[in-house]
Amino acid sequence: MVGDVGVGGTNPIRIQSMTNTDTLNTEATVAQIQALVEAGCEIVRLTVPSKREAENLAAIRSSLARRGLSVPLVADIHFTPNAALIAAEHVEKIRVNPGNFADKKQFRVEEYGDAEYAREIERVAERFRPLVRRCKELGRALRIGTNHGSLSDRILNRFGDTPEGMVESALEFLDVCEDERYFDVIFSMKASNTQVAIQAYRLLAFRLEQRVPGRASYPFHVGVTEAGDGEDGRIKSAIGIGALLEDGIGDTIRVSLTEDPVREIPVAQLLARRAQAQFALAQKISPPASKSSDNTYPLAYRRRQTSEIRIGGLGWGGANPIRVEVDLGALSGEPEAVAREVARALRSQREVEAEGLVVSIRDERDAARFEAFVKTLREEQVALPISARITETALAAALPATAARILFPLRMGTAQSSLESAATLARRREVPLQLMLRGDFAELTALVDRCLTLQDSGVPLLFSVESAHAVHGVRFVAARLGAAGCEDCHLQLAQYPSEEVSSGQNLIDSAVELGSLLCDGLGDGLLLPVRGSLGATVALGYRILQGARLRTSWTEFISCPSCGRTLFDLEETTARIKARTGHLKGVKIAIMGCIVNGPGEMADADFGYVGSGVGKVNLYVGKQVVARNVSPAEAESRLVDLIREQGRWIDPET
Ligand code: SF4
């Protein structure tokens with residue numbers, strides 16, 4: 001229980017956020033808490049940098065009570081155990097960061113012998129123990145909140161900057177709690193790198209299960225930290241949080257955006273609602289046991305190995321990047337006009353380009369339209385591969401010779417002879433065949449087995465899956481293919497045209513369904529139906545790949561969500577820096593609100609812009625501070641100069 005809000009067990013996924021006001025400013029903080037509660041936030045965290053803010057929590061609590069608000073509050077503590085003890089008197093939960101509760105981060109490289117390491121753990125434990133005892137006496141909950149970017153030097157020196165180090169760091173703190181017979185603990189394992197976050201949470205779940213096999217464990221607070229703002233921040237959050245919720249991991253979530261915290265709530269609600277619906281569905285249909293655990297809940301990233309195939313001259317699988325294709329559906333209107341429109345949209349795309357189009361063919365007439373469409377596109381100098389999705393009824397039509405591959409939807413009612421005809425057609429045309437499996441788990445088993453009869457047909461096979469369990473259906477098919485020794489079958493992660501959804505819902509669904517599988521190492525390509533514009537659809541595919549850290553097309557921004565420690569307008573500064581540096585493919589820039597946590601939490605950024613005092617900014621190259629107390633008016637240009645000096649600058653295209 002966090003106050004009167006239950007977390008874990010059979011409770012719904014709880015939504016939480018954090019204020020970014022000065023905790024000493026009671027009025028502003030209370031107003032923001034009220035706005036968060038009205039938006040649907042169920043637990044609110046506040047930064048508590050010192051004893052003064054901790055003491056002011058009493059005034060905040062009283063003011064909230066006068067407004068009739070009883071929302072549980074959480075005090076966020078870094079470096080200040082004394083403030084934590086005071087805060088525990090006034091709030092329902094304390095968050096501590098094992099990396100800095102009792103350690104100052106020096107980035108020192110040091111070898112620790114076992115005895116010295118044990119002494120250090122004991123020192124940290126003794127600093128932590130009074131807080132645990134106080135929380136137990138007062139009935140407060142406690143979050144052991146590890147961050148990838150702020151592991152202690154001791155942990156870094158022994159385990160490196162790894163999920164394993166994150167988990168060890170948290171378990172050392174749990175040992176103290178359990179030693180005191182205190183169990184009101186919630187864990188988090190945040191990172192701005194989605195893969196690291198997913199692996200760390202999974203590893204912690206695994207390690208906790210090992211400690212007490214078969215028993216319900218501690219609840220998890222799930223989030224991706226320093227996710228940034230806008231679409232990218234939402235995509236990163238949806239990949240990390242969504243992937244874990246798909247695993248059944250996550251009892252309370254926070255979406256961290258460099259925006260007004262109220263805007264985090266609808267995103268978190270979309271993710272929570274989606275997960276609750278999946279949980280309800282999972283109770284009705286459970287997946288059959290797989291013969292292979294390959295790629296199930298991996299604790300480290302490993303891409304599913306396939307050998308290269310060619311689709312219209314473009315390499316897929318093997319060492320090729322994960323491809324991005326767009327599903328145009330059936331052509332509507334004159335095919336030549338559609339082709340010219342598509343060519344225009346593709347040409348206007350600057351940083352990223354579609355790597356294939358898929359067009360549906362239902363009959364002879366569609367086949368002729370397909371040919372006309374391809375011919376016009378080629379005249380427009382568009383050379384990308386165009387594949388044909390054919391229905392069972394279209395098999396009898398004179399199918400176009402220009403199709404780069406054939407996609408064939410396969411469901412239980414599809415005749416085996418039709419499947420064989422599709423394979424024969426692909427073999428004659430010397431193009432790969434993609435089998436688009438549609439069904440629930442039991443049906444997917446039967447469908448994969450039917451497809452495996454084509455294994456020796458000489459046709460390169462790809463698979464995609466349409467299932468109510470979008471993520472688990474693909475995992476299941478991948479495992480089944482692995483168990484059948486069908487390693488060379490490629491997987492495309494496809495989203496299927498469905499009823500119209502809002503752009504926000506589409507963004508979240510796409511990021512969860514595609515991103516979580518990508519982080520599991522699955523998928524040689526993405527196929528997205530056009531929603532909104534063609535350009536926006538292509539960009540979404542690439543943004544998901546970047547969010548999953550698998551293919552970089554733009555600058556990566558790591559920006560903190562801001563809090564009461566923030567020393568400048570983070571949202572506005574981030575927008576300005578983005579506008580100037582957003583074209584630097586592969587460069588990671590951190591924009592952090594304060595010097596207390598900023599440098600530690602920048603993780604693997606190449607450059608850092610960190611508030612060091614009111615009206616002052618420190619600039620970093622990696623973890624090294626290279627300019628101190630620069631005025632904000634100059635800081636942006638100095639950052640660009642630094643990027644130039646490091647040879648990472650390119651001029652933007654005009
Ligand atoms: S880095 Fe940002 S969110 Fe973290 S403590 Fe500093 S200002 Fe707050």
Side-chain angles (χ1 to χ4, degrees), residues 16-25 28-29 32 36 44-50 52-54 73-80 83-84 87 94-101 103-105 107 143 145-151 188-193 197 221 223-229 233 236-237 254-264 557-575 577 588-605 607-620 623 625 632 635:
Q16 58 175 294
S17 182
M18 184 170 182
T19 56
N20 61 5
T21 51
D22 179 348
T23 309
L24 290 175
N25 186 338
T29 303
Q32 195 171 61
L36 282 166
V44 180
R45 185 158 45 117
L46 303 88
T47 188
V48 179
S50 75
R52 284 177 65 218
E53 285 83 358
L73 300 181
V74 185
D76 197 54
I77 303 290
H78 300 268
F79 302 105
T80 49
I94 304 290
R95 180 268 169 126
V96 296
N97 179 341
N100 62 27
F101 186 77
D103 287 295
K104 291 263 179 295
K105 197 165 174 72
F107 300 109
R143 167 151 71 99
T146 305
N147 272 18
H148 179 225
S150 56
L151 295 174
S188 65
M189 295 274 119
K190 296 196 190 180
S192 71
N193 179 328
H221 161 133
V224 172
T225 193
E226 283 94 37
D229 64 351
K236 257 192 182 185
S237 300
R254 191 234 169 155
V255 171
S256 302
L257 298 176
T258 309
E259 296 178 19
D260 180 338
V262 172
R263 294 215 289 271
E264 297 175 354
F557 291 97
I558 298 159
S559 58
C560 78
S562 83
C563 72
R565 295 180 192 257
T566 311
L567 294 162
F568 53 86
D569 184 334
L570 203 76
E571 194 175 346
E572 193 238 313
T573 306
T574 303
I577 295 177
K588 297 193 205 86
I589 300 177
I591 305 155
M592 309 297 279
C594 77
I595 198 161
V596 183
N597 282 341
E601 307 228 347
M602 293 189 310
D604 53 356
F607 300 93
Y609 179 112
V610 180
S612 56
V614 178
K616 292 178 192 155
V617 173
N618 283 4
L619 298 173
Y620 290 73
K623 299 243 179 258
V625 59

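Counting convention: from 1, in listed order, for ligands and their atoms alike.
The nearest pair of heavy atoms linking Gly228 to Ser559 is CA-OG, 3.2 Å.
Side-chain polar atoms of Thr258 and Asp229 form no donor-acceptor pair below 3.5 angstrom.
One N or O on the side chain of Thr23 and one on the backbone of Thr47 form a donor-acceptor pair closer than 3.5 Å.
Evaluation of the side chain to side chain donor-acceptor pair (under 3.5 Å) rule for Arg52 yields no partner, not counting sequence neighbours.
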>> Run the side-chain contact (heavy atoms from CB on, under 4.5 Å) test on Val44 and Thr19 for me, step by step, so that the C-alpha distance in whole Å, both residues' side-chain angles and the decisive distance to 0.1 Å come before the verdict.
In response: CA-CA 7 Å; Val44 180; Thr19 56; 3.8 Å; yes

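Annotation: side chain of Arg565 is in contact with side chain of Val596 (closest heavy-atom distance under 4.5 Å).
Taking distances strictly below 2.8 Å, the protein N/O/S atoms close to atom 2 (Fe) of ligand 1 are Cys560 SG.
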